[in-house]
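Whatever order the structure lists ligands and atoms in, that order sets their numbers, starting from 1. Below, each value reflects all heavy atoms present in this structure, side chains not excepted, and no hydrogens, waters or symmetry copies. Keep in mind that what you see is a predicted model, and the values were worked out from it rather than measured.
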Amino acid sequence: MTLTRVVLLGPPGAGKGTQAKQIIDKLCLVHLSTGDILRDEVSRETELGMTAKGVMDRGELVPDRLIIDMIRGRIEEAAESGFLLDGFPRTTAQAEALSEFATIDVVLNITLPREEVIRRLTGRRVCRGCGKIYNLTFNLAEGETTCAACGGELYQRNDDEMEVIANRYDVYEKSTAPLIEFYEELGILRALDGSLGSERVFSEIIDILTA
Ligand code: AP5
């Protein structure tokens, strides 16, 4: 039986977005990334986007109530087909709210040490067209500015500046890491070593989800 109501947990840069794109292709789940949804709100200059922009650029968390209101309907809509939550929940209040409107089958916790987080995120580039994620250290030539998949422009996220990355990691440790214990106590947490190659992590995830 395939597990279809899945949460991806882990520090910034652990590889959640990278894995999410492959998992949804393989298992036909709906990808719900709060970071991607917020960045879209920012680019469309909506009221939520205007509120979120400064918070995101500093590497802080957008207030729980705004996030829960933003994501709740999307999760309820995807419940039947199955969903992959990427970046939500991120606080105990968000996890408690989630438990009131959805049942989660498994939480995949991808771990990565702080120094590797910083190394990866300073080298990350993202395609404006299709969202494909690259890294200068292993799959992007220096000076390359277009996406190999769709020809879109590659850009560096505003929050991938060194000081902001360090703050995001601190915020993760303070506000999000406590969810590891929260889900361990529910017996649905599975750990993955994010420092392994992306293909190895993906294969371990598929084993867990389809066991
Ligand atoms: P969000 O977009 O969710 O960012 P994040 O959680 O900080 O995660 P990232 O997207 O930075 O990292 P990732 O784990 O997806 O890594 P990736 O696959 O790209 O959130 C952004 C902001 O939005 C937050 O700071 C907050 O302000 C706000 N927000 C979002 N959700 C919120 C919520 N629920 N509540 C409140 N606020 C919220 O990989 C990173 C790099 O490593 C890439 O270059 C990739 O190519 C490379 N890589 C990946 N895997 C491997 C591997 N196995 N080996 C080597 N390199 C790898």
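R190 CZ: 12 or fewer foreign heavy atoms inside a 6.0 Å radius.
Residues R168 and D160 are paired through a salt bridge, judged by an N-O separation under 4.0 Å between the basic side chain and the carboxylate. Between R44 and D40 there is a salt bridge, with a side-chain nitrogen of the basic residue lying less than 4.0 Å from a carboxylate oxygen of the acidic one. E116 has a carboxylate O that lies under 4.0 Å from a charged side-chain N of R119, or vice versa, which qualifies the two as a salt bridge. Between D105 and R5 a salt bridge is recorded (basic side-chain N to carboxylate O distance below 4.0 Å).
Each of I75, L8, V30 was evaluated against L85; a single residue qualifies, I75, per the side chain to side chain contact (heavy atoms under 4.5 Å, CB included) test.
Contact residues for ligand 1 (protein heavy atom closer than 4.0 angstrom to any ligand atom): P11, P12, G13, A14, G15, K16, G17, T18, T34, G35, L38, R39, M56, E60, L61, V62, I67, G87, F88, R90, Q94, R120, L121, R124, I133, Y134, N135, F138, R157, D159, R168, G194, L196, G197, S198.
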